[in-house]
Amino acid sequence: MPNDYIHIILADDDEDDRLFFTDAFDELKMNTKVNTFNDGVELMDYLNSEDAILPNVLFLDLNMPLKNGIECLNEIKANSKMSDIAIAIYSTSASEEDIEETFVLGANIYIKKPSSFKQLKKVLAEVVSMNWQYHTNSLNKDNFLMRL
Amino acid sequence: MIKRIISKSAIFLRIIFLISVFLILLIGGFTYKHISNLTNSSKLVVTTFKVNVELEKVMSYLKDAENGHRNYILTKDTTHLEPYLTAREKVNESFAELKEIANHGPVQEENLKTLSKYIDSLFRNFTQTSAFVENGFALTEEFKSNFFEEKIIMDSIRHKISEMMDLENRHLQERQKQYQSNLEFTPLFLYLMLLLTLVLIIVSYSKINNDFKNIKIINNQLSIFKEATIQLETVGKHGNWVWYVESNKYTFSDNLYRVLGEKPRAFEPTFEAFLEFVHPDDRKKFSADVERMMKEEDLPFTYYRIIKKDGTVKHIKGYGKLLINNDGEKRIVGNITDISDEIERFLELEERNLELEKNNAELSEFNYVASHDLQEPLRKIQTFISRLEDKEAKNLSASGNQYLERIKVSATRMRLLIDDLLQFSRTNKPDKEFVLTNLNELLEQAKQDVAETIIEKQAIITSDVLPTVSVIPFQVHQLFLNLLSNSLKYSKVAEAPVIKITYELVHSKDDINLINIPKNEYHKITFSDNGIGFEQQYANQIFELFNRLHNKQEYSGTGVGLSICKKIIDNHNGIIIANGEPNIGAIFTIYLPI
């Protein structure tokens, strides 16, 4: 199993957002491998399959049909095989309720989707190159939401 | 109050009556005693007088007898013995008389006996002397001694009689003295008693008179009260009933009949007749309530419906209470009220409230969802614009680039509007918790949030020490932030903004802005600036949603910020007031209840 690239998964039902996401990583040229899924069901099916390659970072949209991000987060954290995956919530809104709930459920960071491509690239680069060990140890409610 | 006065006065009058009766009986008793004293006194005088007369009589008879006897001795003529012989008889008569009258104690009794003995021995002596004379035996030694003895006895009798008369007189004087003291004291005592009785009678009279006046006043009040009650019944759709428990009789007030839709006294007031009007569905409950009332002699509020003759259904509220009058008679006094209008209004209000609540919830939901869901496409538009700018700008003509720039500005403005709207709808939620918070900290945080602008505009912000108040912290933070942003935004171009924040504890009665406000003390915080200000006539408009006093080109802003301030202050039951003067500045005054 080649382990010299960073494996990234995005679960988002919005086609445009998936496009922005992959375009951004294309332009970043960071030696990453990006997989995208159209909803929570697809994501969980993949993660639960035998030959699944678990990602280094999982970007999770909250508002998805069939199975939303919160449900996915619950399942992942309940499964010892996947519970160590770094999870970045990737949502349009940053309502207090959502931030609170995902923080409690054990997500590692909360990203509000930026409204410019430049910013998107900056945020993704920062997240992917993050030292998760360090970040998770000093995680609290104030630094959970990523400031742009 | 008046009732108490009257019952008090009744006790008072009863006491006075009893005292008066007692005094009159006392006066009667004393008068009787006085008169019997007088009678006794005069009887005593008469008795003494009679005794003295009889004693004098005895003395004179004895003198006659002595004289007669002496004459006989001298003349030996027996005719002279006549008074002597009659004297004996007359003395005896007088003695009988004396014994009859006399009741003068043992001393006088003894005296009388001694006297009788003396008289007996006198007469014996007389007889002996007479015997000497008859035998022609004169002036012998024996005769002389006999004669002398006669004189001695006579002296003793005289002495005894005068002693008895003295004793009788002394006796009389003593008794007289004793009665005298009684007789002197009694009239004064009686007079005083009479005066006291008179005073009591006068007091009772004035008391009764007073009571009469009071009763008159109470009667007047009662008649007014009665009229008022009748009017009240008509105005308030009340009806009154009384149940006389002992006789099981009822009286219904005129208006009770009217409440039932009948003419006054249209039927005999009985429980059964009333039950006829009660709605069939409520009869069971009503009867149970009445039964409970009879048992517990108290009727709490009961609710039931009645059906009038014309078929209309009315809602009735009833109440009753046991009343025991002064004679111990039980009666239950009750009232019924037609509360149909009240209930209808209440139902209507409840319906409207529900509708309003639903509308409000919908509006809030709509506001939130709209702002929230609107963000997503907008964000994408903005991202695509940024992509276009990055990748295709060089392929566009100059005007194409200009259009792109315009689209970008519009999209940015739309984002601003949506963000503010979202903020506004979040401020709507009133279920936030109040926490005791140091306002200085909230102000400091707000200052941090606008730190960049402060530096950029070289603004000077001064503030008093603010109090610690129970508030919704994030809302008050927002409030301070909005007020600071407002002052910084509407500053003069050529002048560095100066923002002054002052604090003062005020009492609502001392502040013209707090007229008609119930709470007592308020925290008054003012934000004053040296900005462009505004015309005072727009002071209320600036708090309205999306209301702006300046065009977008001059000053950015959505017209939501101050609306949020107003909403936050409303959530805290406070007041916010704006004062402005063009080109001088604006003052925002906040009042927060303690």
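Every chain is numbered from 1, with letters handed out A, B, ... down the list of sequences. Small disclaimer: the values here were computed from a predicted structure and weren't measured.
Note on A/N63, A/L120, A/D14: by heavy-atom pairs under 4.5 Å with chain B, the leading option is A/D14.
To the nearest 0.5 angstrom, A/D17 atom CG is 7.5 Å from B/T383 atom OG1.
Residues A/K118 and B/R387 have side chains not in contact (no heavy-atom distance under 4.5 Å, counting atoms from C-beta outward). A 4.5 Å side-chain heavy-atom check between A/S115 and B/R415 finds at least one atom pair inside the cut-off. With contacts defined as side-chain heavy-atom distances shorter than 4.5 Å, the pair A/F20/B/F384 qualifies.
Between B/R379 and A/K113, the shortest heavy-atom distance links the atoms CD-O, 3.1 Å.
If you check the side chains of A/T92 and B/E376, you find a donor sitting under 3.5 Å from an acceptor.
Within 6.0 Å of NZ on B/K447 lie more than 12 heavy atoms contributed by other residues, nucleotides or ligands.
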